[in-house]
Number of protein chains: 2
Amino acid sequence: MAMRARAEFPDRRPTIRHVAARAGVSVGTVSNVLNGDTPVSDARRTAVLDAIAALGFQPNSVAQSLRRRHSRVVGLMATGAASAYFAALLESFEDIAARQGYEVMQVLSRGDPELETRRVGALLARQVDGLIMVPTQTPERSFDLIAAAGVPAVMIDRAYPDPRFDYVTMDNDAAMRAAVAALAAEGHRRLLYVVRWPGLVTTRARIAAFHDAAALRGLGAGMLARDPADDAFAAQLACLLQGPERPDAIIASNSDLALPMLAALQALGVGVGRDIGVLVFDEPIWAGVMTPPLAVVRHPVAAIARSAWEILIDRMEHGGDERRRIVHAAEIVMRGSARRRRSDTGGEAKTAT
Amino acid sequence: MAMRARAEFPDRRPTIRHVAARAGVSVGTVSNVLNGDTPVSDARRTAVLDAIAALGFQPNSVAQSLRRRHSRVVGLMATGAASAYFAALLESFEDIAARQGYEVMQVLSRGDPELETRRVGALLARQVDGLIMVPTQTPERSFDLIAAAGVPAVMIDRAYPDPRFDYVTMDNDAAMRAAVAALAAEGHRRLLYVVRWPGLVTTRARIAAFHDAAALRGLGAGMLARDPADDAFAAQLACLLQGPERPDAIIASNSDLALPMLAALQALGVGVGRDIGVLVFDEPIWAGVMTPPLAVVRHPVAAIARSAWEILIDRMEHGGDERRRIVHAAEIVMRGSARRRRSDTGGEAKTAT
DNA sequence: GGGCTCGCTTGAAACGGTTCAACCATGCTA
DNA sequence: TAGCATGGTTGAACCGTTTCAAGCGAGCCC
């Protein structure tokens, strides 16, 4: 049958006109049976349906998009796909979108604002109906583009204060305070916060909360901001760990950072959960299999994806106009890596922030 | 300026006709300066360019696609995004595609053939120029759809013998033989192969190679095929490990399986790299931070992505016609988890298959 | 029987670009 | 001076849909 169609319309897929011709009706009628709004007599309807089946006709969505003036494609702009966090995000979106008849087009900025505006431009040119985006550190030009095109957009994860868009993020301030509290409860007195991108708004909020919470409790608070891929990283970490103000617990700002950091610790012969406590932001899938298991502050990624989609679909389909700002709570999962002594490796304790 | 454009064309982005009017030329001329094929006088060219800048005009790609009869969008059909393997794949593709002016539209089948054909249909309706796909176990209907549409496609990872498409995969047979050899060299005598999806072509190749290689060396070869999310999994694993033919090394068929398996082992109190050797297919990012570090057979994902793209672009742009089949070698990375005795946790040995 | 409504059908005009035949000055050649 | 190639320019047709005004026949009411 497929062969049949190819033979009849060499090198071209059948169009609505072929269907109309074969069914002996006008193109308008075919469109009507396809879209089911205007009534069509049963005789013609079945004739059309038969022709469609015989030809293997499938409507061309790009023509539809052009005429209908919307594409049912949403753009997803992330900074990278490899991290477990973004992969989970993409997966959530693809699922929800597919169920509602949308396609998702994913593009990556790799954290580069210039690349970001280029890729956003491409998405806009493709007439996406909406945009979900994890902004880079300086997203102004991209924001202007989006606003000029008048495309609904919701920003996730990093909330820059821009009144033109919706935001859904996690509560970084509360999460960090809870993290500090949990560590303090465990008996840790001197904390070190290791961060990869100190300039990110999310990170800035965490840094502020970290120092504030530590001060409130009279804990020591140090910080190391450095690319772990950098050679100097391990050296600086070693230096801090052997210095006079030796920290007894480390908070890592995300799971991508955690991996090289743990490697460095291992190379230094510093035992996690024995010589030092470790708590990391995000929940990498491998957190549970480590020995000792890794304590984490669990990023509410599924909830964020769901809220972002809800807001976007509302704006796309009903054109809501007030801007929303949603904040989800993270959850501290205490495990062996953050304990004061090596004692246990087992059970976990949870605390909602 | 953005505001300006919005005001002049309320609720509508500027089109090529607006540009033409403003520059005092015909639409054909605007198109010519945009596409640079036909010569345009300098005076008009700058007039057009000025108008474009003033209006913030950007060509509508869906109109372009309709007229040009190609979209410069490629579809990427995977079975899931969460696994490190697919995330890496997506990231590689997005990078290469963006550089060459393509957009990628990703859809997920979740391993379900029915969902796969629906999603492939959506991609085809959107007039993708090409398709890169990790097929499900029974992809026939999807294959027919793709072939009928006449869209170039390259299948990766799982090579079903279908002459209509190109394939790029890893050499599962050689990889498994090398794995068995490496384990044997380490002194292991009874091997257990734990697999999640025994029906996959890739897995079938591995299973055959596993039994064959073990037999050739006179090693014991057992197999456990079971969903690790299933309760029975841990019980069956325990049973095998305590039985009379107690294996002294396990090969896990992929990293998603490895995680729950390691957890089960831990719960059983069986020490990895001490009581039992473990080697896993794929290289999860966390392989290095485990104690002991995880021995893996490294999946050549970047190489696969690159080859697949090369083939696809060739077919899309030059319409090559002979089908190709590319096989990349995996690499065994020996580490502590697969050692016979707990001895070392450090250095790694590599063996190309 | 005339006028209406009602259900169905049609054909043409968009949508926003690209492409191409035709045209128009020039300047060059014979 | 006619003939002709050449560089620029234009306008209309086209891509494959949807949408909508207009038409049409049948049935109904007065």
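In what follows, chains are A, B, ... by sequence order, proteins preceding strands, each numbered from 1. Just so you know, these numbers use all the heavy atoms, side chains as well, and skip hydrogens, waters and symmetry mates. What you see is a predicted model, and the numbers here were worked out from it, not measured in a lab.
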Problem set entry | Ser41(A) vs dT9(C): side-chain N/O to OP1/OP2 distance below 4.0 Å | yes

Exercise. Does Arg315(A) pair with Asp166(A) as a salt bridge, N-O distance under 4.0 Å?
Worked result: yes

Problem set entry | Under 4.0 Å protein heavy-atom contacts per nucleotide of nucleotides 18-25 of chain C, with B for base, S for backbone only and - for none | BB------

Exercise. Relative to the ring of Trp309(A), is the ring of Phe93(A) parallel (under 30°), tilted (30 to 60°) or perpendicular (over 60°)?
Worked result: tilted

Between N or O atoms, less than 3.5 Å apart, protein on one side and nucleotides 23-28 of chain D on the other: list the pairs.
none

Exercise. When the distance from CZ of Arg12(A) to P of dC14(D) is rounded to whole Å, what number comes out?
Worked result: 12 Å

Problem set entry | Touch class at under 4.0 angstrom, heavy-atom based, for Thr38(B) against every strand present | base

Exercise. Could you state the CZ-P distance from Arg72(A) to dT18(D), rounded to the nearest angstrom?
Worked result: 13 Å

Problem set entry | Distance below 4.0 Å between Ser26(A) side-chain N/O and dG11(C) OP1 or OP2 | no

For this session: Under 4.0 Å between any heavy atoms, over every strand shown, what does Val62(A) touch: base, sugar-phosphate, or nothing? Just pick one.
Result: nothing

Exercise. When you check the side-chain N and O atoms of Asn32(A) and Thr38(A), is any donor under 3.5 Å from an acceptor?
Worked result: yes

Seminar exercise, completed: When rounded to whole Å, the CZ to C1' distance for the pair Arg44(A) and dC8(C) reads 8 Å

Exercise. Whole Å only: how far is the CG atom of Leu55(A) from the C1' atom of dG16(D)?
Worked result: 15 Å

Seminar exercise, completed: Of all heavy-atom pairs linking Thr136(B) and Arg158(B), the shortest is CA-NH1, 4.1 Å

Exercise. Is the closest basic N to carboxylate O distance between Asp129(A) and Arg69(A) below 4.0 Å?
Worked result: no

Problem set entry | Integer-rounded Å distance: dG16(C) P and Leu66(B) CG | 12 Å

For this session: In whole angstrom, give the distance that lies between atom CZ of Arg69(A) and atom P of dG17(C).
Result: 10 Å

Exercise. Are side-chain N/O atoms of Ser307(B) and His328(B) paired as donor and acceptor at under 3.5 Å?
Worked result: yes

Exercise. Between Ser31(A) and Asn35(A), do the side chains contain an N or O donor and an N or O acceptor separated by less than 3.5 Å?
Worked result: yes

Seminar exercise, completed: Between Val120(A) and Met133(A) the two heavy atoms that sit nearest each other are CG2-SD, 4.3 Å

For this session: Would you indicate whether Arg141(A), at its atom CZ, is surrounded by more than 12 heavy atoms from other residues, nucleotides or ligands within a distance under 6.0 Å?
Result: no

